Amino acid sequence: MALHVMDEANHCLGCKNPRCQQGCPIHTNIPEVIRLLKANQLNEAGRMLFENNPLTTVCSLVCNHENQCEGHCVQGIKGAPVHFSVIENYISSTYASQMTHGPAQPNGKKAAIVGSGPAGLTIAVILARYGYDVTIFESHDKIGGVLRYGIPEFRLPKSVLDDFEYRHLLLKDIKVRPNTDVGKALRIEDLFRDGYKAVFIGTGVWRPNALHIKGESLGHVHFAINYLQNPDVYHLGNRLIVIGAGNAAMDVCRTALRNGTRHVDCFSLSRKIAASDYEASYAKLEGVQFFYNKKPVEITDRGVVFRDLQEAEDGTLTEIAGSEKLYPTDSVIVSISQGPCTTITEDEKELKTNERGLFVTDEVGRTNVPGIFASGDAVKGARTVVEAVAYSKKVAEAMHEYMQTLPPEGPDPYADVPVVAYDDGN
């Protein structure tokens, strides 16, 4: 592995105006990281990666590298680009074992993070570096959000997230309240009451979008985001139809094949599928069959009725009357993106949302309610992990600036109250 990594590092030209860095949404200083690695300064390279991107171990595995750093590499114009994903993964996973320092010096202020997806984790880590007492409220039983419950194990091992939780949360005294859905028993006003100076909302987009066609409520029909959360509980049969062709659909197709489904058919409205070429190529390699220019009309107990579409050069789609055909299947999974859940917005009536139910914020995540910030998919809609990290870094700085303008905590009113001494038999 190390020899292969060094081959990739030696392939880098060390450009003075690195296109790779420009293509990275978080602007990782790729040439400098590679230079440090080649100079046998692996720890320095790892420190640079984590300082710039707290989720570097994750992004090295799940980023759309072909359209970002590697897609912009000058070496890729006439040959193979430098595969920085391999380099980043080696450095970050190797250096991670060195990350054993405890929490920063406390600054006396509390911050609440609602949701532990990419945005929430990024902001929690950055605020903890400033000395804030950070608590994460997570509605699931484990941290990670879409990283854990939306990306399959074969793409992002859960051990990567478990290691992140240990090194970046537990060692830094960041508290986690699992199975806690803010907006139900706890409300945002309760958080402010209990001394949190700022609240970040990063609840993601967990409500699946529906086709709104006849048959969508039948027992053999499922939604992608629900299936990916726990695929082991689904019994899909021998043949599966996946409606939609984005990256999540590729995850569904490949997961279903690994869980025993023998035939997986993926249907796309257009000739150009939404998934990255990289993800689609793996799906094709593993046996997924693709159908293009097909619009679902109705789902029946026997299968799905699709109508053919004629696609013009400009991408305009026209339905072809009388072209309906029934494609038999045992199960159907609808994968046409997701929208936000409404628990918090139903509770916090003053928070502004747009027509899609996403939070309305300014360029650094401030909502219309002072002290409440938001970013990630809950603001931008379903985006990539690295895009969420890049935007959330700005939001974390805005939260820090806001909380620094607030007066410090007053004295503890119970400082002089007698403390009960328990007799526990020891």
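Small disclaimer: the values here were computed from a predicted structure and weren't measured. As a basis for the values below, the full set of heavy atoms in this structure was taken, side chains included, without hydrogen atoms, waters or symmetry mates.
- E88 and S60 share no side-chain donor-acceptor pair at under 3.5 Å.
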Discussion item. Working note: F306 + K295, criterion side chain to side chain contact (heavy atoms under 4.5 Å, CB included); need CA distance, chi angles, decisive distance, verdict.
Written reply: CA-CA 5 Å; F306 287 93; K295 178 182 179 180; 5.7 Å; no
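- Around the CZ atom of R262, the shell of radius 6.0 Å holds no more than 12 heavy atoms that belong to other residues, nucleotides or ligands.
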Practice prompt. Verify side chain to side chain contact (heavy atoms under 4.5 Å, CB included) between D133 and K109, making sure each step is shown before the conclusion.
Written response: CA-CA 6 Å; D133 181 355; K109 291 186 172 70; over 6 Å; no
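- Judged by distance alone, with hydrogens and angles left aside, the side-chain atoms of H11 form a donor-acceptor pair with the main-chain N or O of A80 at under 3.5 Å.
- Judged by distance alone, the side chains of N293 and E311 do bring a donor and an acceptor atom under 3.5 Å apart.
- For the pair T28 (side chain) and I30 (backbone), a donor-acceptor distance under 3.5 Å is absent.
- None of E298, E319, R307 except one satisfies the side chain to side chain contact (heavy atoms under 4.5 Å, CB included) rule with E324; the exception is R307.
- For S323 (side chain) and I320 (main-chain N/O), a donor-acceptor pair under 3.5 Å exists by modelled atom type.
- In this structure, the side chain of D377 does not engage the main chain of V205 through any donor-acceptor pair within 3.5 Å.
- Across all non-hydrogen atoms, the minimal contact from E286 to R254 is OE2-NH2, 2.9 Å.
- Across all their heavy atoms, M250 and A283 have their closest contact at SD-CB, 3.8 Å.
- Residue-environment remark: OH (Y402) exceeds the threshold of 12 foreign heavy atoms within 6.0 Å.
- Here Y227 pairs with Y234 under the ring-ring contact (aromatic ring centres under 6.0 Å, His included) rule; sequence neighbours left out.
- Proximity of a side-chain donor or acceptor of N43 to a complementary backbone N or O of Q98 within less than 3.5 Å is not detected.
- Between the side chain of E387 and the main chain of T384, a donor-acceptor pair closer than 3.5 Å is present.
- Between the side chains of N52 and K393, a donor-acceptor pair is found at a separation under 3.5 Å.
- Between I241 and F291 there is no side-chain heavy-atom pair separated by less than 4.5 Å.
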Practice prompt. Would you sort out whether T180 and E138 count as a side-chain hydrogen bond (donor to acceptor under 3.5 Å, both in side chains), showing the intermediate values?
Written response: CA-CA 5 Å; T180 304; E138 171 53 50; over 6 Å; no
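- Counting non-hydrogen atoms of neighbouring residues, nucleotides and ligands closer than 6.0 angstrom, the CZ atom of F154 exceeds 12 such neighbours.
- Under a 4.0 Å N-O distance rule, the pair K184/D181 qualifies as a salt bridge.
- Two rings, from H65 and Y278, have their centers 6.0 Å or more apart.
- In the model, T57 has no side-chain atom that pairs as donor or acceptor with a side-chain atom of S92 under 3.5 Å.
- A salt bridge links D308 with K294: the closest approach of a Lys/Arg side-chain nitrogen to an acidic carboxylate oxygen falls below 4.0 angstrom.
- Aromatic ring centres of H168 and F50: separated by under 6.0 Å.
- Within 6.0 Å of the NZ atom in K284, the count of heavy atoms belonging to other residues, nucleotides or ligands exceeds 12.
- The pair R148-D141 does not meet the salt-bridge criterion, since no charged nitrogen lies less than 4.0 angstrom from a carboxylate oxygen.
- The number of heavy atoms from other shown groups lying within 6.0 Å of CD (Q310) does not exceed 12.
- Counting heavy atoms of neighbouring residues, nucleotides and ligands inside a 6.0 Å radius, atom CG of N17 does not exceed 12 of them.
- Listed for the E216 side chain is a donor-acceptor partner under 3.5 Å among the backbone atoms of L211.
- With S116 contributing its side chain and G144 its backbone, the two residues share a donor-acceptor pair below 3.5 Å.
- For the pairing with H400, the ring-ring contact (aromatic ring centres under 6.0 Å, His included) check across F200, F373, Y132 returns one residue only, Y132.
- Here the shortest heavy-atom pairing between A112 and L191 reads CB-CD1, 4.0 Å.
- A donor-acceptor distance shorter than 3.5 angstrom exists from the side chain of T367 to the backbone of I372, with no hydrogens or angles considered.
- Of the charged side-chain nitrogens involved, none lies within less than 4.0 Å of a carboxylate oxygen, so that K158 and D162 do not count as a salt-bridged pair.
- Shown here for G150 and D251, the closest heavy-atom pair between the two residues is O-OD2, 4.0 Å.
- The two residues P296 and I243 make their nearest non-hydrogen contact at CG-CG2, 3.9 Å.
- A salt bridge does not link K394 to E397: none of the charged nitrogens lies less than 4.0 Å from a carboxylate oxygen.
- Taking the six-membered ring for Trp, F267 and Y327 have ring centres closer than 6.0 Å.
- Aromatic ring pairs are classed by plane angle as parallel below 30°, tilted from 30° to 60° and perpendicular above 60°; the pair H140 and W206 is tilted.
- Across all their heavy atoms, A45 and V33 have their closest contact at CB-O, 3.8 Å.
- Surrounding NZ of K352 are at most 12 heavy atoms belonging to other residues, nucleotides or ligands under 6.0 Å away.
- Remark: side-chain polar atoms of R177 are not paired, donor with acceptor, to backbone N or O of T135 under 3.5 angstrom.
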